[in-house]
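Comments concern the structure below.
Heavy-atom basis, side chains included; hydrogens, waters and symmetry copies ignored.
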Amino acid sequence: MAKKRGVGIACTFYGIGYGNGFPDVSTALVEIHDDGSVTVRTGAADCGQGSSTVLAQIAAQEIGVPVEKVTVVSADTDATPDAGTTAATRQTYVSGNAVRLASRKAADKLLEFVARELGVNTIMGLKASDGYITVLGYPQKRVSIAEAASRARLQGVRLVGEGTFTAHTTKLDENGQGVPYWPYAFGVQIAEVEVDTETGEVKVLKVIAAHDVGRAINKAGVIGQICGGVAMGVGLALMEEVVLQQGNILNPSFSTYLIPTSLDVPEIEPIIIEDPEPTGPYGAKGVGEPATLPTAPAILNAIYNATGARLTEFPATPERVLKALKAANPALKEDSN
């Protein structure tokens with residue numbers, strides 16, 4: 001049995017959001033309650049990527065409360081404003097900005113109330129963190145956010161903020177110039193594979209995945225996104241294929257449409273690159289689809305590096321690998337005759 005190893009690399013850039021000037025908008029509502037807890041209302045659907053956690057972290061940071069005090073109500077068309085689709089790696093950037101704006105407005109209303117109560121000229125003289133509002137330079141002069149919110153409520157001040165954010169894109173002109181996406185995500189992945197030249201079987205041994213996420217608001221979530229993206233990229237590279245015949249899908253179930261299991265996922269080394277995006281919430285962008293895009297090209301490049309066989313079609317099934325090996329090495333054709 002002849003096995004060969006190779007290494008391949010692939011790079012990607014990805015435009016976050018809808019693109020080409022199509023309005024990419026999200027709106028959020030944030031309310032600070034009498035007990036110091038916070039409710040975030042957003043249409044952003046969390047389908048497993050962790051957007052609700054990220055939005056809670058943003059609200060907590062902006063208002064100055066522990067994240068445990070924040071409840072996110074999401075994707076309820078009867079109670080939440082529109083935040084657009086959970087697609088195009090956009091929710092952290094677009095809805096994150098909307099939640100930050102809404103949280104800031106709610107927080108400023110509370111700070112303005114506290115400034116009057118404590119005799120401070122401007123809210124710039126106050127700092128909110130760890131559940132308390134403190135007068136700068138006088139750490140002993142402080143009030144809990146819960147107490148301040150309760151007092152404000154009794155005086156008829158409702159601590160609600162609404163924020164709307166629109167991504168900064170423009171349509172392309174007749175010369176193809178413009179800003180079709182904003183911002184862009186960047187990534188590079190390196191794959192190591194082992195190819196059995198007798199059977200055509202490819203085993204992915206390791207993938208190193210480096211991605212610029214602007215700023216990782218939730219590092220555990222970013223790592224999960226990168227690892228999940230690589231796993232899906234392995235499926236694209238080696239096994240996932242919709243088989244059609246006269247418009248009919250011949251493999252409509254998971255018994256015939258193969259996807260990676262835990263035994264197929266290689267060792268993954270995620271590397272988080274943080275180059276803050278000035279227009280993002282705390283510098284964040286996103287890392288959804290970008291984590292999948294470079295994996296399959298890197299694997300095909302690794303197969304080429306190992307064997308000299310260039311594949312130009314997904315997935316790289318054993319049959320296709322053997323065909324490419326024979327095309328790259330005419331001697332193999334003669335041996336098979």
Side-chain angles (χ1 to χ4, degrees), residues 15-33 37-65 67 69-112 123 128 149 152-153 157-171 179-185 213-215 217-218 221 276-289:
I16 290 175
Y18 296 143
N20 201 25
F22 186 84
D24 196 350
V25 187
S26 178
T27 299
L29 296 172
V30 173
E31 181 172 7
I32 305 171
H33 302 291
S37 64
V38 175
T39 297
V40 175
R41 298 186 184 275
T42 171
D46 190 332
C47 52
Q49 81 281 21
S51 61
S52 291
T53 301
V54 168
L55 298 180
Q57 289 179 274
I58 291 171
Q61 177 68 26
E62 200 68 25
I63 295 170
V65 298
V67 70
K69 300 283 283 185
V70 181
T71 298
V72 176
V73 178
S74 66
D76 182 343
T77 55
D78 191 47
T80 60
D82 185 16
T85 58
T86 296
T89 312
R90 60 181 291 278
Q91 287 295 2
T92 292
Y93 178 71
V94 183
S95 290
N97 269 320
V99 168
R100 186 178 184 186
L101 291 170
S103 299
R104 186 70 265 145
K105 289 180 181 178
D108 283 349
K109 290 180 180 179
L110 181 59
L111 292 177
E112 288 166 2
I123 63 173
R153 179 77 169 190
V157 180
R158 192 176 180 195
L159 306 173
V160 178
E162 178 178 337
T164 297
F165 179 81
T166 305
H168 309 292
T169 60
T170 62
K171 291 183 179 179
V179 185
Y181 291 97
W182 191 291
Y184 284 88
V213 301
R215 184 175 181 185
I217 292 177
N218 187 315
E277 163 58 41
T279 64
Y282 304 109
K285 294 190 286 190
V287 59
E289 288 96 333

Heavy-atom closest pair, residues Ala59 and Val70 = CB-CG1, 4.2 Å
Mind checking the NZ-CD spacing from Lys109 to Glu31? Nearest 0.5 Å is all I need.
-> 9.5 Å
What pair of heavy atoms forms the shortest contact from Thr169 to Pro180, and how long is it?
-> CG2-O, 3.8 Å
What's the spacing between Phe165 CZ and Tyr93 OH if we round to 0.5 Å?
-> 4.0 Å
Do you know which of Thr71, Val67, Val72, Ile63 makes side-chain contact (heavy atoms from CB on, under 4.5 Å) with Val38?
-> Ile63
For the student: nearest non-hydrogen atoms of Ala102 and Ala28, plus distance | CB-O, 3.5 Å
Taken to the nearest 0.5 Å, the spacing of Ile16 CD1 from Tyr184 OH works out to 10.5 Å
In a check of side-chain contact (heavy atoms from CB on, under 4.5 Å) between Tyr282 and each of Glu62, Gln57, Glu277, which one passes?
-> Glu62
Does Ser26 offer a backbone N or O that forms a donor-acceptor pair with the side chain of Ser95 under 3.5 Å?
-> no
So the ring-ring contact (aromatic ring centres under 6.0 Å, His included) pairs with at least one residue in residues 42-63 (sequence neighbours excluded) are none
Partner set under salt bridge (Lys or Arg N to Asp or Glu O under 4.0 Å) for Asp24, not counting sequence neighbours | Arg90
Looking only at non-hydrogen atoms, find the nearest pair between Ser52 and Asp46 and report the distance.
-> N-OD2, 3.0 Å
d(Thr164 OG1, Leu101 CG) to nearest 0.5 Å is 8.0 Å
Closest heavy-atom pair and its distance - Ala44, Leu55 | CB-CD1, 4.2 Å
Tell me yes or no: between the side chains of Thr89 and Glu289, is some donor less than 3.5 Å from an acceptor?
-> yes
Can you list the steps and then say if Thr92 with Arg215 is a side chain to side chain contact (heavy atoms under 4.5 Å, CB included)?
-> CA-CA 11 Å; Thr92 292; Arg215 184 175 181 185; over 6 Å; no
Hey, mind stepping through Thr42 and Thr80 against side chain to side chain contact (heavy atoms under 4.5 Å, CB included) and telling me if it holds?
-> CA-CA 5 Å; Thr42 171; Thr80 60; 5.7 Å; no
Roughly how far apart are Arg153 CZ and Ile32 CD1, rounded to 0.5 Å?
-> 12.0 Å
With sequence neighbours excluded, what pairs up with Tyr18 under the ring pair (Phe, Tyr, Trp, His ring centres under 6.0 Å) test?
-> Phe22
Rounded to the nearest 0.5 Å, what's the gap from CG on Asn20 to OH on Tyr181? Could you check?
-> 7.5 Å
Heavy-atom closest pair (Ala185 atom, Gly286 atom, distance to 0.1 Å) is CB-O, 4.0 Å
Donor-acceptor contact present, side-chain Ser37 to main-chain His33, <3.5 Å = no
